[in-house]
Amino acid sequence: MKPSTPKGTRDFTPSQMRKRDYLFGVLREHFQTFGYAPIETPAMENLSTLTGKYGEEGDQLLFKVLNNGDFLAKADGVALEARDSKAALASLSKRGMRYDLTVPFARFVVQHQNELSFPFKRYAIQPVWRADRPQKGRYQEFYQCDADVVGSDSLLYEAELVRLFERVYTALGLKCVIRINHRGILAGLAESVGASDKFIEVVTAIDKLDKIGAERVGEELKGKGLTAQGATQLLEMLKDTSLKSWEVSLANTKEGEQGAKELKQVLEMVAAMNPAQRIEFDPTLARGLSYYTGCIFEVVVDTTAPGQEKIRMGSIGGGGRYANLTEAFGGRDMSGVGISFGAERIYDVLEEMDAWPDTVRTGRKILLAAMDEENLAWAFAKTDQLRSAGIAADCYPEAGKPKRPMKYADKEQIPYVALIGTREREAEQLTVKELTTGQQETLDLSGLIIKLS
RNA sequence: GUGGUCGUAGCUCAGUUGGUUAGAGCGCCGGUUUGUGGUACCGGAGGUCGGGGGUUCGAAACCCCUCGUCCACCCCA
């Protein structure tokens, strides 16, 4: 049998893990600086927590966990006989794998509402699972990195999360563009072309604009029941990227006016903090997720920035404000706003740009190698002293010719090798070779610690 | 879930109309080198040709099924 991981999943090697740890570390650090506290929720949730939250399609993409024990004995015989998977499911599985971090978060907030103080700010970096058909950059197991705040409808948080986006991407060495819109603008737009009742359809159609073009979006809109005139007018209005003129054109729609007003405030706050950041109002930004109700964001790589011209990647982050997230779990009506970093995509971008810091390349800094058996214990003791000084040191486990440890250090990209023979032990000195330059010097332990610190 | 593409060594891939013992490059292991890795030269290991069934005197190649991959939809990160 050829060993392999299940479809849509992958292993991470040490060199990949060092990069992932770095990326998650930058995220964690910024989340905490911005006042978000970590939480974790289980890999499995009760199926009742998950089903119905992602729409019909989402339910199909849930990984279900088979009940333990003699599950068939307790299964619904009628449904099994009829080969009706949907009907049989309830008696076969009561748990499912986490599909995203937002729904478990909503469950968490309601379940712990009496222990939490609001506004409650949390972040989470955890894998999620989807029974989707895998493609490049699309897996059945992948990590999500979310920061959310619930229990306040202050626009301060919209501005804060935009700042969090830019701070993180800047720390990673990436120039990005933050696109922003408001569901109210889209609602006002639908209202002004007489399609208020087709709001969801309008949103999902607009979401496809950059992908399939205005013409086909127009056709889709007409297919969904818009008048030809309404569809044309809608597409015409979307060409306008000036927030000022939207304020005017939507002044007679309640939601549209409110949306434009809120957007303006957020943009003003953000501009006051960092006028250099590219943040663009984009009325065509829709985001498919149905639960957004206020501002929505999406982050893309800035392809006008030096060194980033060739990057072709979809959004590397997104988010928005939602109302009533906790409603499904019987919580009181709480507004929230949150963002998500597309860690797997960011990884690919950093890989393409080779924008990793040097620290991800090396694990161990120095390898100590004894030439003969009687010096091995001394080499091991020196390794221990280096470790006590906080230096990632390792001792080659077999004494002998330098060839093996040298080759090992070369492959493992350990930058320094100390060869230890009787000469070194008797003089209490270490002969240290730097592999990239081939240069060699003799130092005592404290000198070596200073050199490698 | 729908349509398509491709599965040959650890990796990237050759393999003629179906015909002897299935190859290359890279990688891996060893040697040339008994206190010095990366280069060079020499040698070696490694394949039920994704799996199962069928057609045939004969299948890596043709047919069916199945699993996996990649791509386009759907949806999404």
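Chain letters run A, B, ... following the sequence lines, proteins first and then strands; every chain starts at 1.
- The same atom, C1', is picked in B:rG18 and in B:rA45; the two are 31 Å apart, to the nearest Å.
- Within 4.0 Å (heavy atoms only), A:Tyr139 reaches at least one base atom of the nucleic acid.
- An aromatic stacking contact links A:Phe142 with the base of B:rA77, defined here by ring centres under 5.5 Å apart and ring planes under 30° from parallel.
- Defined by atom type and a distance below 3.5 Å, a donor-acceptor pair is missing between the side-chain atoms of A:Ser340 and A:Gln144.
- Applying the ring pair (Phe, Tyr, Trp, His ring centres under 6.0 Å) rule to A:Phe165 yields the partners A:Phe341; only residues at least two apart in sequence or on another chain are considered.
- Comparing B:rU12 with B:rU69, their C1' atoms sit 15 Å apart, to the nearest whole Å.
- Here salt bridge (charged side-chain N to carboxylate O under 4.0 Å, His left out) pairs that include residues 86-96 of chain A, with residues two or more places apart or in two chains, are A:Glu56-A:Lys86.
- Rounded to the nearest Å, the gap between the P atom of B:rG3 and that of B:rU66 is 12 Å.
- Using atom P as the reference point in both B:rA22 and B:rA72, the two lie 39 Å apart (nearest Å).
- At least one side-chain nitrogen or oxygen of A:Arg404 sits closer than 4.0 Å to the OP1 or OP2 atom of B:rG30.
- With sequence neighbours left out, A:Glu255 forms a salt bridge (charged side-chain N to carboxylate O under 4.0 Å, His left out) with no residue at all.
- Here, B:rG15 and B:rG7 have their C1' atoms 15 Å apart, quoted to the whole Å.
- Counting distance only, with no hydrogens placed and no angle test, the side-chain atoms of A:Arg133 and the base atoms of B:rU2 include a donor-acceptor pair under 3.5 Å.
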Quick one: side chains of residues 322-329 of chain A, donor-acceptor pairs under 3.5 Å with protein atoms, not counting sequence neighbours, listed by atom name and distance.
from	atom 1	to	atom 2	distance (Å)
A:Tyr322	OH	A:Asp148	OD2	2.6
A:Thr326	OG1	A:Arg332	O	3.0

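- Applying the 4.0 Å criterion to OP1 and OP2 of B:rA72, one finds that A:Gln135 has a side-chain N or O inside that range.
- Sorted by first and then second residue, the ring pair (Phe, Tyr, Trp, His ring centres under 6.0 Å) pairs with a member in residues 412-442 of chain A form an empty list; sequence neighbours excluded.
- For B:rC75, the base has a donor-acceptor partner in the side chain of A:Arg138 [N/O atoms by modelled type, under 3.5 angstrom].
- For A:Phe380, the CZ atom counts as loosely surrounded, since its 6.0 Å shell holds 12 or fewer non-hydrogen atoms of other residues, nucleotides or ligands.
- Screening residues 437-453 of chain A for salt bridge (charged side-chain N to carboxylate O under 4.0 Å, His left out), with sequence neighbours left out, gives A:Glu441-A:Lys451.
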Side-chain donor-acceptor pairs under 3.5 Å in residues 398-414 of chain A, sequence neighbours left out?
from	atom 1	to	atom 2	distance (Å)
A:Tyr408	OH	A:Arg364	NH1	3.1
A:Tyr408	OH	A:Arg364	NH2	3.4
A:Glu412	OE1	A:Arg364	NH2	2.9

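- At the heavy-atom level, A:Gly317 lies nowhere under 4.0 Å from the strands shown.
- The gap from the P atom of B:rA9 to that of B:rA24 amounts to 14 Å, rounded to the nearest Å.
- Residue A:Gln60 is classed as having no contact, given no heavy-atom separation below 4.0 Å to the nucleic acid.
- Within residues 422-436 of chain A, the residues approached by RNA chain B to less than 4.0 Å at the level of any non-hydrogen atom are A:Arg423, A:Glu424, A:Lys433, A:Leu435, A:Thr436, in residue-number order.
- Side-chain atoms of A:Asp302 come within 3.5 Å of backbone N or O of A:Thr304 as a donor-acceptor pair.
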| message | If a pair means Watson-Crick or G-U wobble with both distances below 3.5 Å, what does RNA chain B look like in dot-bracket form, with | marking bases paired to a different strand? | response | ((((.((..((((.....[...)))).(((((.......))))).....(((((..]....))))))).))))....
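- Residue side chain A:Asp410 does not reach the base of B:rG38 through any donor-acceptor N/O pair under 3.5 Å, judged by distance alone.
- Within the structure, every pair that satisfies the salt bridge (charged side-chain N to carboxylate O under 4.0 Å, His left out) test and touches residues 340-361 of chain A, not counting sequence neighbours, is listed here: A:Arg10-A:Glu344, A:Lys19-A:Glu351, A:Arg20-A:Glu344, A:Asp354-A:Arg361, A:Asp358-A:Arg361.
- Applying a 4.0 Å cut-off to non-hydrogen atoms, the residues of residues 5-14 of chain A that approach RNA chain B are A:Lys7, A:Gly8, listed by residue number.
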Compile the donor-acceptor pairs under 3.5 Å between side chains in residues 21-42 of chain A and protein atoms, sequence neighbours left out, one pair per line.
from	atom 1	to	atom 2	distance (Å)
A:His30	ND1	A:Val26	O	2.8
A:Gln32	NE2	A:Tyr123	OH	2.8
A:Thr33	OG1	A:Glu29	O	2.7
A:Tyr36	OH	A:Glu160	OE2	2.6

